[in-house]
Amino acid sequence: MDERLPLPFQIACLILTALFVCAFNLSREPRSWRRLYQSTFTSADRISVNKNKSIDAKLKKFGIRIAMLILVVDVAVFLFGITAPSRKRQNEMSLDDWNRFNEMKRLESISAPSL
C-alpha cells in the first residue's frame with residue numbers, strides 16, 4: 001500500500017467513513033430505520049403515531065450531529081496519518097542532523113527577501 005498513509009490510519013479512516021455513512025443515512029431517513037427497529041424489537045400494541053414522529057425528529061436531530069462528529073474525527077485521523085511519516089523522521093533525527101537543519105533554516109531566512 002501507500003507509505004504516505006500508514007496501514008493503521010487507513011483502517012481507522014475506512015471504519016470511520018463507514019460509520020459516517022451509516023449515521024448520515026440514518027439521519028436522512030429515520031422513518032425506515034425506526035420501523036425496522038420497531039418491527040424487530042417492540043410489540044405492535046406499544047406503537048403510537050405521535051411518539052413515532054418525536055422519535056423520527058430526535059433521530060434526525062442527533063443523527064446529523066453524530067455524523068458530523070464522526071466526519072470531523074475521520075478528517076483528523078486522516079491528517080494525523082498523513083503527517084505521521086514526517087513526525088517519525090523528526091523523532092529519529094540525531095543532534096547533528098538537527099544542527100544542520102537549523103543552520104539551513106537560518107541561512108534561508110537570511111537570504112530570503114523580507115516583504
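Only a predicted model underlies this, so the values are computations on that prediction, with no experimental measurement involved.
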| field | Non-neighbouring partners of F62 that pass ring pair (Phe, Tyr, Trp, His ring centres under 6.0 Å), sequence neighbours left out | value | none
[X] with [Y], same ILVMFWY side-chain cluster at under 4.5 Å:
| X | Y | result |
| --- | --- | --- |
| V72 | M68 | no |
| L26 | L19 | no |
| I82 | L16 | yes |
| L14 | F78 | no |

| query | According to the interplanar angle, ranging from 0 to 90°, do the rings of F101 and W98 count as parallel (below 30°), tilted (30 to 60°) or perpendicular (above 60°)? | reply | perpendicular
| message | Between L79 and T83, does the side chain to side chain contact (heavy atoms under 4.5 Å, CB included) criterion hold? Intermediate values first, please. | response | CA-CA 6 Å; L79 292 175; T83 59; 5.7 Å; no
| message | Set out, in order, the CA-CA distance, both residues' side-chain angles and the distance that settles side chain to side chain contact (heavy atoms under 4.5 Å, CB included) for I55 and K58, then state yes or no. | response | CA-CA 5 Å; I55 291 172; K58 287 180 184 178; 5.8 Å; no
| request: Quick one: pull up CG in L69 and CG in D74 and give me the separation to the nearest 0.5 Å. | output: 11.0 Å
| remark: To the nearest 0.5 Å, atom CD of E29 lies from atom CZ of R34 at 12.0 Å
| query | For E103, which of K105, R106, R100 qualifies under salt bridge (Lys or Arg N to Asp or Glu O under 4.0 Å)? | reply | R106
| message | Is it the case that the side chain of N25 and the backbone of V21 share a donor-acceptor pair, with hydrogens and angles ignored and the cut-off at 3.5 Å? | response | no
| Are more than 12 heavy atoms from other residues, nucleotides or ligands located less than 6.0 Å from atom CZ of F9? | yes
